[in-house]
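In the text below, chain A, chain B and the rest are named by the order of the sequence lines, each starting its count at 1.
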Amino acid sequence: MLDLRFIRENPDAVRRACEVKRHAADIDQLLELDQAWRDATSRADQIRALVKSASKEIGGLMKAGKRDEAEAKKAEVAAAKSQLEEIERTEGETRAEIDDLLLRIPNLPHADVKAGPEETCNEEVHRWGEPRTFDFKPRDHVEIAESLGLIDFKRAAKLAGSGFACFTGLGAKLERALIGWMIDMHVERHGYREVSTPFIVTSEVMVGTGQLPKFAEDMYHVPKEDFWLIPTAEVPVTNLHRGEILSADDLPIKYVAHTPCFRSEAGSYGKDVRGLSRVHQFDKVEMVNFTTPETSWDQLETLRREAEEVLEALGLHYRTLRLSTEGMTFASAMTYDLEVWAPGAKRFYEVSSASCYADFQARRAGIRFRRTSESKPEFVHTLNASGLALPRLVIALLETYQRGDGTVEVPEPLRHRLGADALRPE
RNA sequence: GGAGGGGUGGCCGAGUGGUUGAAGGCGGCGGUCUUGAAAACCGUUGAUCCGCAAGGAUCCGGGGGUUCGAAUCCCUCCCCCUCCGCCA
């Protein structure tokens, strides 16, 4: 959420942000409502002040036994209050409309982000490794996984329909090994604190990180208690500090979490449907940072590096893109996507998205900090990056490390955890 | 699920209709004292919104109500604690 005062003073900047991010928002209507609300508020405040002071006088008159004068005052107050009722209704209704509009205005992109469509304006900022070459015809991950008994797509569909995977045997163990290994890396090398959160959250929490009110159709809803299944650990982990005032000494706060992620992927039928590339439920290790405003942009670079290190440790070819305004999400101010090369599919897959939200989420979720015990609370900046998303990482691993004999080499860092140096048919 | 107790400022904790944004304590900050520190003492210390400002308004878990006036009374919802039941 943007600061209403900022919008008041910089309406053109906000209009431009909406335009380049391709989010429709009626700024003129907002400004109009804002003016109406401020008028109503100041009139209401005046009347409230009157009622308040009159009430005190009445108290005094009652004590002094001046019944008649008190009654006269009461009549005065009653008249003022009937007026107030009307104004307060306007005030409340207008404010509700303002709040709703505010929640639907996207974050401002950072000045370094290119405006335009993804195809032409995403910038490749980093590339690591080389695409794997083969002296045999490489297979794609679905063939490899099925022949080695690592994933059972058919039986997964029996449980939940299409778009789900059931990892089996060494496939399941590979996921578990990757999760443990990645979390340990972030904890031990990058100074993260591990958290394990609920996977079901309230609507307020979804508003805090920006999924609601605009993107309800992308998520799974639990009608019974009006809960939502998290689409990413970003949601529960960022909201861990909702409504809090942190101390500057606590910053930066760095959490890492492993959670399942649930995405309805409504409207994406026919796109990327094969195998693991786009599923309704997947596991992910996610890093979330809370920082001061002056350190967040540097922290985004660090965060991006922390995610990139995972791919490098696994020896996987990847590229890093700085997304253009049209590629970024609603809440983001700057986003890097890490895309890993899948030599079987001969394409890159996004395995991580590293974003800085500036104070956008913090304002929605009410996450503030104090520089000293004296100073006024300010909003923190929030950031997050996948580190990494499991299914697409598995795609890249299987396709990159496949051998001519149908087995798959296990990269060195995972061998100990997996208890095997290769994936073979069981 | 049943019964009872409770939600007050950074924290603890008083406060059952009136000038209370809220006693007191702790913590924080400033000062006195001290070579320095501690102790002691004195002072100070909430957030949000409107307003150029002066100033004003709102906030004692959320929402609604009673009243001239509510942290205090009523209704409702949420959360926490204790005991019982159930259960991985």
Side-chain angles (χ1 to χ4, degrees), chain A residues 1-9 30-103 196-208 222-228 236 239-251 253 260 290 359 362-380:
Chain A
M1 181 162 69
L2 298 177
D3 183 2
L4 180 55
R5 269 171 301 193
F6 176 86
I7 301 174
R8 233 177 249 158
E9 286 156 23
L30 177 65
L31 293 175
E32 220 170 276
L33 287 167
D34 176 44
Q35 191 55 56
W37 173 74
R38 283 188 291 165
D39 292 345
T41 297
S42 75
R43 282 201 295 154
D45 281 358
Q46 278 175 32
I47 298 176
R48 284 190 204 107
L50 202 118
V51 170
K52 226 168 121 171
S53 68
S55 293
K56 285 181 185 174
E57 285 178 46
I58 291 168
L61 292 169
M62 300 286 268
K63 261 183 199 152
K66 295 178 180 169
R67 268 260 136 74
D68 294 349
E69 285 180 51
E71 287 307 320
K73 269 281 179 226
K74 279 191 195 183
E76 215 174 281
V77 170
K81 283 196 74 176
S82 70
Q83 237 187 92
L84 182 60
E85 225 167 281
E86 171 80 26
I87 299 167
E88 277 184 331
R89 191 155 31 91
T90 309
E91 188 188 15
E93 285 168 4
T94 315
R95 187 67 222 187
E97 285 183 66
I98 289 171
D99 289 340
D100 184 62
L101 282 176
L102 276 178
L103 290 175
S196 178
T197 69
F199 308 146
I200 301 176
V201 299
T202 62
S203 296
E204 294 73 59
V205 167
M206 285 296 182
V207 169
V222 182
K224 188 171 182 242
E225 308 283 356
D226 194 23
F227 283 146
W228 301 83
N239 278 284
L240 239 29
H241 292 295
R242 70 182 288 102
E244 294 185 14
I245 301 176
L246 305 163
S247 154
D249 302 338
D250 300 334
L251 301 175
I253 295 173
F290 301 81
D359 61 5
R363 185 173 287 107
R364 286 176 163 244
I367 308 169
R368 295 177 292 173
F369 78 105
R370 247 189 255 275
R371 291 181 189 276
T372 72
S373 59
E374 303 293 82
S375 40
K376 289 274 166 197
E378 296 171 54
F379 289 111
V380 299

Response to the item:
When rounded to whole Å, the CD to P distance for the pair Glu85(A) and rG64(B) reads 13 Å
Worksheet entry | First of Gly59(A) and Asp3(A) reached from the 5' end of RNA chain B, by closest nucleotide | Gly59(A)
Worksheet item: Does atom CG of Asp226(A) have more than 12 heavy-atom neighbours, drawn from other residues, nucleotides or ligands, at distances under 6.0 Å?
Response: yes
Item to complete: State whether Arg8(A) places a side-chain N or O below 4.0 Å from either non-bridging phosphate oxygen (OP1 or OP2) of rC50(B).
Response: yes
Practice prompt. Taking atom C1' in both rC49(B) and rA39(B), compute the distance separating them and give it to the nearest angstrom.
Written response: 44 Å
Worksheet item: If you take all heavy atoms of Arg364(A) and Gly208(A), which pair is closest and at what distance?
Response: CB-O, 3.3 Å
Worksheet item: Does a side-chain N or O from Lys81(A) land closer than 4.0 Å to OP1 or OP2 of rG69(B), or not?
Response: yes
Worksheet item: Which nucleotide, rU48(B), rC49(B), rG69(B), lies nearest any side-chain atom of Arg368(A)?
Response: rU48(B)
Worksheet item: Can you tell me how far C1' in rG46(B) sits from the matching atom in rC11(B), rounded to whole Å?
Response: 13 Å
Discussion item. If we ignore hydrogens and angles and just use 3.5 Å, is the side chain of Asp359(A) paired with the main-chain N or O of Val380(A) as donor and acceptor?
Written reply: no
Worksheet entry | Interatomic distance, Lys376(A) NZ vs rC29(B) P [rounded to whole Å] | 18 Å
Discussion item. What verdict does the salt bridge (Lys or Arg N to Asp or Glu O under 4.0 Å) test give for Arg48(A) and Glu88(A), after you've listed the backbone C-alpha separation in whole Å, the side-chain angles of each residue and the deciding distance to 0.1 Å?
Written reply: CA-CA 10 Å; Arg48(A) 284 190 204 107; Glu88(A) 277 184 331; 3.1 Å; yes
Discussion item. With a 3.5 Å limit on both atom pairs, tell me what rC60(B) is paired to, counting Watson-Crick and G-U wobble, or say none.
Written reply: none
Worksheet item: Has the side chain of Arg95(A) got a donor or acceptor atom that lies under 3.5 Å from a matching backbone atom of Trp37(A)?
Response: no
Item to complete: Provide, to the nearest angstrom, the distance between the CD atom belonging to Glu88(A) and the C1' atom belonging to rG64(B).
Response: 14 Å
Worksheet, complete the sentence: With the side chain defined as heavy atoms from C-beta on, Lys74(A) is closest, among rA47(B), rC49(B), rC68(B), to rC68(B)
Worksheet item: If the P atom of rA38(B) is compared with that of rG6(B), how far apart are they to the nearest Å?
Response: 41 Å
Discussion item. Taking only the P atom of each, what is the distance from rC60(B) to rA23(B) in whole angstrom?
Written reply: 15 Å
Item to complete: Grab the CD-P distance between Glu69(A) and rC68(B) for me, whole Å please.
Response: 18 Å
Response to the item:
Whole-Å distance, Arg363(A) CZ to rU48(B) P, equals 12 Å
Worksheet item: Which whole-number value in Å describes the distance from Leu4(A) CG to rC50(B) P?
Response: 7 Å
Practice prompt. Could you tell me whether the side chain of Ile47(A) reaches within less than 4.5 Å of the side chain of Asp45(A), counting heavy atoms only?
Written response: no
Worksheet, complete the sentence: Taken in chain and number order and not counting sequence neighbours, the residues that satisfy side-chain contact (heavy atoms from CB on, under 4.5 Å) with Pro377(A) are Ile245(A), Arg368(A), Arg370(A)
Item to complete: Answer yes if the side chains of Arg38(A) and Gln35(A) hold a donor-acceptor pair under 3.5 Å, and no otherwise.
Response: yes
Discussion item. Please name the nucleotide paired to rA70(B) by Watson-Crick or G-U wobble geometry with both distances under 3.5 Å, or report none.
Written reply: none
Worksheet, complete the sentence: Whole-Å distance, Ile245(A) CD1 to rC59(B) C1', equals 13 Å
Discussion item. By the 4.0 Å heavy-atom rule, please label Lys73(A) as base, sugar-phosphate, or nothing.
Written reply: nothing
Worksheet item: Phe369(A) and Phe379(A): which non-hydrogen atoms are nearest, and at how many Å?
Response: CE2-O, 3.6 Å
Item to complete: State whether Lys56(A) places a side-chain N or O below 4.0 Å from either non-bridging phosphate oxygen (OP1 or OP2) of rG69(B).
Response: no
Fill in: Pairing partner (Watson-Crick or G-U wobble, both distances under 3.5 angstrom) of rG4(B)
rC81(B)
Discussion item. Please give me every residue in residues 36-52 of chain A whose heavy atoms get under 4.0 Å of an atom in RNA chain B, ordered by residue number.
Written reply: Trp37(A), Arg38(A), Asp45(A), Arg48(A), Ala49(A), Lys52(A)
Worksheet item: Can you tell me how far C1' in rG56(B) sits from the matching atom in rG7(B), rounded to whole Å?
Response: 31 Å
Worksheet item: When you compare rC12(B) with rG28(B), how far apart are their C1' atoms, in angstrom units rounded to a whole number?
Response: 15 Å
Item to complete: Give none if rC41(B) has no partner; otherwise give the nucleotide forming a Watson-Crick or G-U wobble pair with it, both distances under 3.5 Å.
Response: rG31(B)
Discussion item. I'd like the P distance from rG10(B) over to rC83(B), given in whole Å.
Written reply: 31 Å
Item to complete: For rU8(B) versus rU44(B), give the span between their C1' atoms, rounded off to a whole number of Å.
Response: 22 Å
Discussion item. Rounded to whole Å, please give me the gap between CD in Gln35(A) and P in rC49(B).
Written reply: 17 Å
Discussion item. Does rA47(B) have its OP1 or OP2 closer than 4.0 Å to a side-chain nitrogen or oxygen of Arg370(A)?
Written reply: yes
